[in-house]
Amino acid sequence: MSIKLQGLRGMNDLLPDEAERWEAFEAIVRDWLKSYGYRPIRTPILESTKLFSRGVGEHTDIVEKEMYSFEDRLNGEQLTLRPEGTASCVRSVIEHNLIFQNPQRLYYSGPMFRHERPQKGRYRQFHQVGVEALGFTGPDIDAEHIVMCRRLWDDLGLEDIELELNSLGDAEERAAHRGELIAYLQAHESELDEDGKRRLHTNPLRVLDSKNPAMQGIVEAAPKLMDFLGEESLKHFEAVQFLLREAAVPYRINPRLVRGLDYYNRTVFEWTTSRLGAQATFCAGGRYDGLVAQLGGKPAPACGFAMGMERIMLLWLEGQDTDVPLNSPDVYVVHQGEAAQPFAFRVAEQLRSAGFAVVFHCGGGSFKSQMKKADGSGAAYAVIVGDNEVAAGVVALKPLRGDGEQQAVTPEALTELLADRLYGDSAV
Ligand code: HAM
């Protein structure tokens with residue numbers, strides 16, 4: 001009996017049409033990052049489990065129940081497929097002493113892994129583009145991140161998006177708030193749902209993040225972290241908002257925005273959309289001034305954000321024509337006959353040397369069936385070589401889109417003619 005092998009639940013194949021769109025998106029994103037002076041960093045997908053339990057937080061959903069962790073069979077080490085990129089980036093920056101003298105503007109992109117219940121916009125392997133700025137203290141870098149996001153959304157033409165903003169203050173302010181919050185939640189313990197009871201002592205701030213309608217009354221009346229912020233935190237938050245207003249970026253302050261990872265302090269933000277159903281947040285981040293020291297580095301301020309590629313692609317592609325392959329070749333080479341094949345092969349290489357994208361027909365077949373393939377490839381032109389052409393030392397150039405006559409031309413003259421047809425005044 002044959003076994004049917006399938007990909008894993010929540011982990012997607014990107015077939016060529018989709019993968020080409022991803023590449024187009026990645027090219028836009030690379031240019032955008034470059035225009036703000038960010039440089040790439042690539043870290044391994046597999047890290048020590050400790051990095052994430054320490055970095056992301058023991059009592060977060062990610063560490064408690066979503067990580068793909070396993071023991072290295074050879075040396076017993078506990079390993080984890082990265083659920084996010086910030087901890088790895090900070091680990092690498094510390095290990096290679098990158099912020100010894102200079103602050104760093106960095107970015108990465110790639111797959112992340114979380115064992116969540118898959119649905120539209122939520123997967124077990126998903127992809128992020130992450131941006132991290134390390135070594136900057138002032139509110140200007142927080143604002144830069146938000147403003148640069150706004151520019152990308154504008155460039156992509158995304159619609160129906162909103163920016164939510166909050167400040168989580170500093171460690172002492174959160175500790176003072178936490179004390180009062182726990183006391184308040186304990187007084188209402190019997191009204192908490194299961195998650196709320198569990199989080200009451202481990203991660204009480206996350207109780208405020210509850211989506212359970214039955215909990216909304218308790219959450220609304222809970223002590224607000226904002227009321228515990230000191231002068232410095234408030235000043236920082238004010239300055240971020242001032243820069244956003246200056247840059248004409250609309251935002252909404254959401255005092256209940258707490259984020260699902262423990263490393264944040266002060267500014268946190270989420271970009272949401274009404275177009276993706278339950279998975280509304282397509283980009284999120286904030287300041288994490290304590291993480292570098294927590295992971296063993298010399299204390300250094302930092303902030304950053306990450307966007308979920310799958311969610312952004314869903315938003316972006318809504319406005320695009322999805323029938324047209326993005327990367328059609330310029331030329332499809334059709335050939336038949338023993339002498340025609342090597343001749344056509346040489347012509348194809350010659351065209352590639354001149355910079356054209358060329359698909360060489362492989363697998364034989366009649367001219368008719370080859371021309372069908374040429375048409376289906378989306379190429380603008382077919383170059384046709386048969387015995388007659390070889391005998392005359394020419395090829396036939398046939399337009400596949402629009403009108404235009406087939407024309408015989410020597411291989412030497414072909415490059416220029418094609419360039420003229422594709423890019424000149426008479427381009428089809
Ligand atoms: P995060 O909010 O956990 O933050 O993830 C960032 C984004 O990744 C989310 O807003 C969402 O778009 C996408 N995402 C998360 N989980 C999934 C999933 N299961 N399926 C599809 N997309 C998903 C972080 O990861 C932080 N490291 C961001 C950051 C960078 N903060 C500072 N620097």
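Whatever order the structure lists ligands and atoms in, that order sets their numbers, starting from 1. Position 1 is the first residue of the sequence, and the numbers go up from there.
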Chemist: Is there a nitrogen or oxygen of Y123 sitting under 3.5 Å from a nitrogen or oxygen of ligand 1?
Modeler: yes

Chemist: Quick check: closest heavy atoms across R114 and I62, and the distance to 0.1 Å?
Modeler: CZ-CD1, 3.6 Å

Chemist: Between Q128 and ligand 1, find which residue part has any heavy-atom pair under 4.0 Å and reply side chain, backbone, both or neither.
Modeler: side chain

Chemist: Should one rank T60, T281, I312, T86 by closest heavy-atom distance to atom 30 (C) of ligand 1, which comes out on top?
Modeler: T86

Chemist: Salt bridge (Lys or Arg N to Asp or Glu O under 4.0 Å) between E95 and R91: does it pass, once the steps are laid out?
Modeler: CA-CA 6 Å; E95 193 170 327; R91 193 244 340 117; 2.9 Å; yes

Chemist: Using modelled atom types and a 3.5 Å cut-off, is there a donor and acceptor pairing between side-chain atoms of N166 and backbone atoms of P255?
Modeler: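 Pair found, side chain donor or acceptor close to backbone of P255.
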
Chemist: What heavy-atom pair brings M215 and E191 nearest, and what distance separates the two atoms?
Modeler: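 Smallest interatomic distance, heavy atoms only, reads SD-O, 4.1 Å.
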
Chemist: Does ligand 1 have any atom that is closer than 4.0 Å to a heavy atom of W271?
Modeler: no

Chemist: So, 4.0 Å and heavy atoms of R259: is ligand 1 close enough to count as a contact?
Modeler: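 R259: in contact with ligand 1 (<4.0 Å).
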
Chemist: Decide whether the shortest distance between a heavy atom of G121 and an atom of ligand 1 is less than 4.0 Å.
Modeler: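 True for this residue.
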
Chemist: N/O of E84 under 3.5 Å from N/O of ligand 1, yes or no?
Modeler: yes

Chemist: Provide, to 0.1 Å, the distance between atom 18 (C) of ligand 1 and the closest protein heavy atom, together with that atom's residue and name.
Modeler: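 Nearest protein contact, heavy atoms only, for atom 18 (C) of ligand 1 is F126 CD2, 3.4 Å.
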
Chemist: Short list, please: which atoms of ligand 1 are under 4.0 Å from a heavy atom of G285?
Modeler: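 Near G285, meaning under 4.0 Å from one of its heavy atoms, ligand 1 has 31 (N).
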
Chemist: What's the shortest distance from atom 11 (C) of ligand 1 to any protein heavy atom, and which residue and atom give it?
Modeler: R311 NH1, 3.4 Å

Chemist: Is there at least one pair of N or O atoms, one from E132 and one from ligand 1, spaced under 3.5 Å apart?
Modeler: yes

Chemist: If you measure every N/O of F305 against every N/O of ligand 1, is any gap under 3.5 Å?
Modeler: yes

Chemist: Does ligand 1 come near enough to Y263 that some N or O of the ligand is less than 3.5 Å from an N or O of the residue?
Modeler: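 So ligand 1 has an N or O lying under 3.5 Å from an N or O of Y263.
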
Chemist: Can you name the one residue among T137, L168, I141 that meets side-chain contact (heavy atoms from CB on, under 4.5 Å) with R287?
Modeler: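 Testing each of T137, L168, I141 against R287, the sole residue satisfying side-chain contact (heavy atoms from CB on, under 4.5 Å) is I141.
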
Chemist: Exactly one of R259, R256, R252, R311 should register a salt bridge (Lys or Arg N to Asp or Glu O under 4.0 Å) with E270. Which one does?
Modeler: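 For E270, the salt bridge (Lys or Arg N to Asp or Glu O under 4.0 Å) test succeeds with only one of R259, R256, R252, R311, which is R259.
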
Chemist: Going by side chain to side chain donor-acceptor pair (under 3.5 Å), Y251 matches just one of R245, E162, R150. Which one?
Modeler: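 Among the candidates, only R245 passes.
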
Chemist: May I ask you to identify the nearest protein heavy atom to atom 13 (C) of ligand 1, giving residue, atom name and distance to one decimal place in Å?
Modeler: G308 CA, 3.6 Å

Chemist: Do T80 and Y68 meet the criterion of a side-chain donor-acceptor pair at a distance under 3.5 Å?
Modeler: no

Chemist: To the nearest 0.5 Å, what is the distance between CG on D262 and CD on Q294?
Modeler: 8.5 Å

Chemist: Mark up the atoms of ligand 1 that fall under 4.0 Å of a heavy atom belonging to A306, in ascending order.
Modeler: 6 (C), 7 (C), 28 (C), 29 (C), 30 (C)

Chemist: For atom 19 (N) of ligand 1, find the nearest protein heavy atom and state the residue, atom name and distance (0.1 Å precision).
Modeler: E116 OE2, 2.6 Å

Chemist: Please determine which of R174, E238, E173 meets the side chain to side chain donor-acceptor pair (under 3.5 Å) test together with S233.
Modeler: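 Result: among R174, E238, E173, E173 is the only option passing the side chain to side chain donor-acceptor pair (under 3.5 Å) with S233.
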
Chemist: Does C283 come within less than 4.0 angstrom of ligand 1, counting non-hydrogen atoms of the residue?
Modeler: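 The answer is yes, since C283 has a heavy atom less than 4.0 Å from ligand 1.
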
Chemist: May I ask you to identify, for R122, whether its side chain, its backbone, both or neither come under 4.0 Å of ligand 1 on a heavy-atom basis?
Modeler: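 The part of R122 near ligand 1 is both the backbone and the side chain.
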
Chemist: Under 4.0 Å from any heavy atom of Y288, which atoms of ligand 1 are there?
Modeler: 32 (C), 33 (N)

Chemist: Search all heavy atoms of F269 against all heavy atoms of L163 and return the closest pair with its distance.
Modeler: CB-CD1, 3.9 Å

Chemist: L165 and side-chain contact (heavy atoms from CB on, under 4.5 Å): which partner among V249, D142, L244?
Modeler: L244

Chemist: Considering the heavy atoms of F282, write down every atom of ligand 1 situated less than 4.0 Å from one of them.
Modeler: 10 (O), 12 (O)

Chemist: Going by the order shown, which atoms of ligand 1 are within less than 4.0 Å of some heavy atom of Y264?
Modeler: 26 (C), 28 (C), 29 (C), 31 (N), 32 (C)

Chemist: Checking S53 side chain against K50 main chain: does a donor-acceptor pair fall under 3.5 Å?
Modeler: yes

